[in-house]
Number of protein chains: 4
Amino acid sequence: MSVVGMSAAGIAVPAAGSGRRRAPAMAREARRRAILDAALAAFSTHGFAETKLDEVARRAGVAKGTLYLYFTDKEALFRALVEETIAAALLDADALVAGFSGTTGELLERLMTLLADRVLEGPAAALVRLMLGEGARFPELAVFYHGHVVSRGLALIRQVAQRGLDRGELTSDLAVRFPQLVVAPAILAVVWNGLFAAVEPLDTRALLAAHRELLLKGLGWRDS
Amino acid sequence: MSVVGMSAAGIAVPAAGSGRRRAPAMAREARRRAILDAALAAFSTHGFAETKLDEVARRAGVAKGTLYLYFTDKEALFRALVEETIAAALLDADALVAGFSGTTGELLERLMTLLADRVLEGPAAALVRLMLGEGARFPELAVFYHGHVVSRGLALIRQVAQRGLDRGELTSDLAVRFPQLVVAPAILAVVWNGLFAAVEPLDTRALLAAHRELLLKGLGWRDS
Amino acid sequence: MSVVGMSAAGIAVPAAGSGRRRAPAMAREARRRAILDAALAAFSTHGFAETKLDEVARRAGVAKGTLYLYFTDKEALFRALVEETIAAALLDADALVAGFSGTTGELLERLMTLLADRVLEGPAAALVRLMLGEGARFPELAVFYHGHVVSRGLALIRQVAQRGLDRGELTSDLAVRFPQLVVAPAILAVVWNGLFAAVEPLDTRALLAAHRELLLKGLGWRDS
Amino acid sequence: MSVVGMSAAGIAVPAAGSGRRRAPAMAREARRRAILDAALAAFSTHGFAETKLDEVARRAGVAKGTLYLYFTDKEALFRALVEETIAAALLDADALVAGFSGTTGELLERLMTLLADRVLEGPAAALVRLMLGEGARFPELAVFYHGHVVSRGLALIRQVAQRGLDRGELTSDLAVRFPQLVVAPAILAVVWNGLFAAVEPLDTRALLAAHRELLLKGLGWRDS
DNA sequence: CATGAATGAGAGTTCATTCAT
DNA sequence: TATGAATGAACTCTCATTCAT
């Protein structure tokens, strides 16, 4: 499965015979994707510093030098990986919130499911973990991540919480003031499964369900 | 300030000029501590792989070779750092819970303050962050950490939650079943401040206060 | 300006549209020349080892792979450059000496002017400098250079010196025995301008004029 | 034979027991010298770019990493080589001129012998050749070389020439105006032997003797 | 015990050369 | 024939580890 391009967004296929003999145009993108996939696997297994580009190249099925045709250097590869992979992650959540008409309790459940499906499992989880682990050493990346993922995610939560207040479904504004509290268990779950999966696996969905229950009650839910 | 030895145990200073040149038995321990302190500073700044032993030695005020008189290799130093530093962290919490006689709500507040003071700030936070970042690459260390810190911490929470249930102060057993929910915001705070302190600092104490409010309400608190 | 083909030989331009797509037989030669020109520029700027074939290709306006259709490898390109470019340099000098009827002093002046115009300035100087710098690493090339340029040049000088003796214009046979003494300042000038042009430029022509004066006097010139 | 420290200048030996246990102090210098010697051999054989540090290390009898304890990088090694080796070269010439009391013709002969002995043969010749070959790619080095060697050398020549004029031994001031003419044959000899030693060796001393003869006559020598 | 110079395996990166299109 | 993406050998430089002093 490819990491990038999760949304079925049609990538503009270059018009046939556009240039001189530009046939590979698509192969180029596929190869780039293969490299990013390989990089994700390698980086999330070994971390940035311990990942050898030899391994990335091998996994991607290309020669080591080929990496440099697509990315300036190891760091650029890492950055591209984080930036391009994470981008699409929040789109569906945005869409979900925008078009939702049920109760805020239901909306919360749907969002948590989305979160669990799309972020807490699969390659995205590895990326989040990577970000958590290496972020301190890549300040710009942390800034990017904050701007493109974190702040947008928190804004979304605030929006949902405000919706609940507006509709009289919630009575506490805690989630508006501290949206982090809503995602905290998800972060914990990612971290937990990154560290202790082998020792004591955590049932992420059960945890999130319990969290939702706690949250609704804590926020003064009433089935208006 | 020394990282280890948080308990104020007075370390016997060896009588000056004990032997000919035999470094006083205890100087060994002091030096070991200096190395661990230096290692904590270095590792939490740069991560495991990017930390040069040259820097650790310099910070500790010893020669590079000396490190090897105290630790087998870089990894052993890292392991010792995590293991020895974290040990004392939970002792006070244990003591607090054992000897507490107030309401569970108050106990919870005291525990959170303790958490904030001792784990979310200062060197321990760096260690937790280090564990989060590098843990995946040190499975044994994760096992150790789980056994000595995580499971003990969660047991403590379960104990407090059960106490609340037993005393009729809480009506929900969610915290008994998912004690992780109680610490999740603390984890989030550590991670946040590790990544985004410069972009958007998080008021950890306010967050934890809000969390406590949410938690008590969510767990069906009543001032019996 | 093309480096090679200093003689104004008109090269027959092939009739347009000779075949189907067969690049006109002469376009090949033009392209080869373009590559050699590009190579001269690159090699004399960066030296052999530091010259990237990428740059040569770009300067020549061809693809990198195309270079290999014209030259076996980088070294062959370098060799061809030296060999083909230097060839024509001595022809005019030969002609000048052969057809000269004035005094040997005048001949010497004409030769020096020729030398200054054709060797000490322009692309040829770059080539000579290249030969001086890289020659030690290309022994065969040094042999070639010696055979085709150096020994012929020295022979020419000997011939002129002998002419002066025969005509009674000179009394010393030093220049016959050590013709190198005659060109030494030219070599120095090339080297000097290659190294110190920016620090302390050398007036090549003034130097050569002084050298001629010294030389004539030193060789016992008399205006027979 | 060691390249550096040609003059018997006593290198300050560190006072015994100066520091804590600083024994190697001298070994350090010896090792540095070994590396410089190895570097000279390697660089003058293969040129800068083609010289592998592996070879330098092997020749010097040290590990590759050791090179970096003495020199920042390859370029620094090259620079140090040129700068330190060339330094002492002109000292004796200075001394010779300062303390000479014979005729200028004799002085010239002595200087040429000195030149032949010290610069045109042995390791210094390799260095000069190296400078000629690589100088264009190391502009700062060329500036250094000009300032420390070339301009001082030319000044010395001017001084000798002026001495000749003052004493009435010479009548032409050509050598004062163009001191380069005096050394040109030496440069030529270095170049020649670097390129054509195998094809047609040049008798440097005979060449210089002839040059001296030419020079004296050309400069209007008279045995005042 | 302590030192820090020395070691050398290993990694990222470059670039001459190849070859499918 | 021309292309230029792909290759991978080879290089410089780093740094954990060792060991003579």
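A note on names: the letters A, B, ... follow the listed sequences, proteins ahead of strands, and every chain is numbered from 1.
The side chain of A:T66 has F:dT7 as its nearest neighbour among F:dT7, F:dT12, F:dA10. Each of E:dT17, F:dC13, F:dT3 was ranked by its minimum atom distance to the side chain of C:K74; first place goes to E:dT17.
Taking atom NE2 on B:H46 and atom P on F:dT14, their separation rounds to 16 Å, with Å as the unit. Distance NZ (D:K52) to C1' (E:dT14): 13 Å, rounded to an integer number of Å. C:D54 has its CG atom 11 Å from the P atom of F:dG4, to the nearest Å. Put simply, CZ on A:R58 is 11 Å from P on E:dA11, counting in whole angstrom units. Here F:dT17 presents its P atom at 14 Å from CZ of B:F71, a figure rounded to the nearest Å. F:dT21 atom C1' lies 16 Å from atom CZ of D:R28, rounded to whole Å. Between the CG atom of D:L69 and the P atom of F:dT18 there is a distance of 18 Å, rounded to whole Å. Residue C:E55 contributes atom CD, which lies 15 Å from atom C1' of E:dA16 at whole-angstrom precision.
Taking 4.0 angstrom as the limit, D:Y70 places a side-chain polar atom (N or O) nearer than this to OP1 or OP2 of E:dA6. At E:dA5, none of the side-chain N or O atoms of D:R32 fall inside 4.0 Å of OP1 or OP2 (strictly under the cut-off). Regarding contacts with the backbone of E:dC1, every side-chain N or O of B:R31 stays at 4.0 angstrom or more from both OP1 and OP2. Contact annotation: D:K64 side-chain N/O to E:dG8 OP1/OP2 distance is not under 4.0 Å.
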Given side-chain contact (heavy atoms from CB on, under 4.5 Å), test C:E50 with D:F48 step by step and report yes or no. CA-CA 10 Å; C:E50 292 291 291; D:F48 179 79; 5.6 Å; no
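With a cut-off of 3.5 Å on both pairing distances, the Watson-Crick or G-U wobble partner of E:dA20 is F:dT3.
In this structure, the side chains of B:E55 and B:F43 stay at 4.5 Å or more apart for every pair of heavy atoms.
Classification of C:E84 and C:R32 as a salt-bridged pair holds, one side-chain N sitting under 4.0 Å from a carboxylate O.
Each of A:Y68 and B:G65 has a nearest nucleotide on DNA chain E; the 5'-most of these lies closest to B:G65. Checking D:A63 against C:D73, the closest nucleotide of DNA chain E that is more toward the 5' end is the one next to D:A63. Nearer the 5' end of DNA chain F, as judged by each residue's closest nucleotide, is the contact made by D:F48, out of D:F48 and B:E75.
Among the heavy atoms of the strands, none lies under 4.0 Å from C:T72. A:L53 comes within contact range of the sugar-phosphate backbone alone, with a heavy-atom separation under 4.0 Å but no base atom that close.
Judged by the 6.0 Å distance and 45° axis criteria, D:R28 is positioned over the aromatic ring of D:Y70.
Rounding to the nearest 0.5 angstrom, the gap separating the CZ atom in D:R79 from the CZ atom in D:F138 is 7.5 Å.
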